[in-house]
Amino acid sequence: MGADILTYIAKSLVDNPDEVKVTPVEEDGELVLELRVHPDDMGKVIGKRGRTAKAIRTMVKAAATREGTSATVEIVE
Amino acid sequence: MTDTQTEPDERFVTDEDNELTPEERLEQLDEETRLAADFVEGLLDILDLPGDIVEEVQEDQAVVRITEVGSGLLIGRRGATLDALQELVRSAVQRQTERRSHVRVDVEGYRARQVDKLREKARDAIAEVRETGEPVRLEPMDAYERKLMHDLVARTGGVTSLSEGNEPKRRVVIQPES
């Protein structure tokens, strides 16, 4: 669910939704969702002073909680 | 802008909005609200949450109200998830309209209750300013909440208000009328 919600949110925020890519990775037993977007869209998913990135993380965490899991989001350049 | 900058702002908004006719303004708000509701609907779908979505557009505000979610998931501790939802809705709507979004999101009336509490605190602060003659700083609020506080002060005699500080710590200061 974390990956689905992240994909949905990211696609809603960028100008190039086809280039949104979410890759789930296990790191030390933790689920990390790597988010890749078109270089021109980086600002859109990060936002002013990281506000949008923070909101994305909060929402994905909330979604993961619903499943009793946790997930962190890493925005990859 | 510096942290100490003090200026009366929200009462004298002079952005592009004022050049629109009321009809154009309503049309824009309608569009933004519809986009916001679409985004929220998709989000609820993926989260597999129920929920009624109501779009409310008035001349000076637009709200997407989400009720019957049956879970505090979208509110979070001290409204943290709702703050995140608000930011995401704002960004998603702005990407499509390419202008500042003014749509507010509320879940199970959380924001409405919060605004009631802020008004209550502002009334206490006004009483304090009148008694002591000293300015009182309210807690940091977003632009919409600050506007409500300025409006409240403007309806009250003997006190004035201004905003100081930078987002997201910008706050309303109530002071005696000079």
Practice task
Can you see which heavy atom on B:Gly42 is nearest to which on A:Tyr8, and at what distance?
Solution key: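 Answer, listing the atom of B:Gly42 first, then A:Tyr8: CA-OH, 3.3 Å.
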Test of understanding: clusters of I, L, V, M, F, W, Y form through side-chain heavy atoms closer than 4.5 Å, transitively. Do [X] and [Y] belong to the same one?
X        : Y        : value
B:Leu29  : B:Val93  : no
B:Leu148 : B:Val57  : no
A:Val73  : A:Leu31  : yes
A:Ile5   : B:Leu44  : yes
B:Val172 : B:Tyr144 : yes

Practice task
With chain B as the partner chain, list the residues of residues 42-58 of chain A whose heavy atoms fall under 4.5 Å from it, by residue number, and write 'none' if nothing qualifies.
Solution key: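 At a heavy-atom separation under 4.5 Å, chain B is reached by A:Lys44, A:Arg49, A:Arg51, A:Thr52, A:Ala55, A:Ile56, A:Thr58.
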Handout entry: Check: A:Asp15 main-chain N/O paired with B:Arg95 side-chain donor or acceptor under 3.5 Å
Key = no
Problem - Flag if over 12 foreign heavy atoms under 6.0 Å of CD, B:Glu56 - result: yes
Quick one: [atom1] on [X] to [atom2] on [Y], what's the gap to the nearest 0.5 Å?
X       : Y       : atom1 : atom2 : result
B:Ile46 : A:Leu6  : CD1   : CG    : 10.0 Å
A:Met59 : B:Thr81 : CE    : OG1   : 6.0 Å
A:Ile9  : B:Leu85 : CD1   : CG    : 8.5 Å
B:Leu88 : A:Leu13 : CG    : CG    : 6.0 Å

Completion exercise
Checking heavy-atom separations under 4.5 Å from chain A, one finds in residues 61-73 of chain B B:Leu73
Problem - Contact leader toward chain A among B:Leu49, B:Asp83, B:Leu74, where contacts are heavy-atom pairs under 4.5 Å - result: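 Of the candidates given, the most pairs with chain A belong to B:Leu49.
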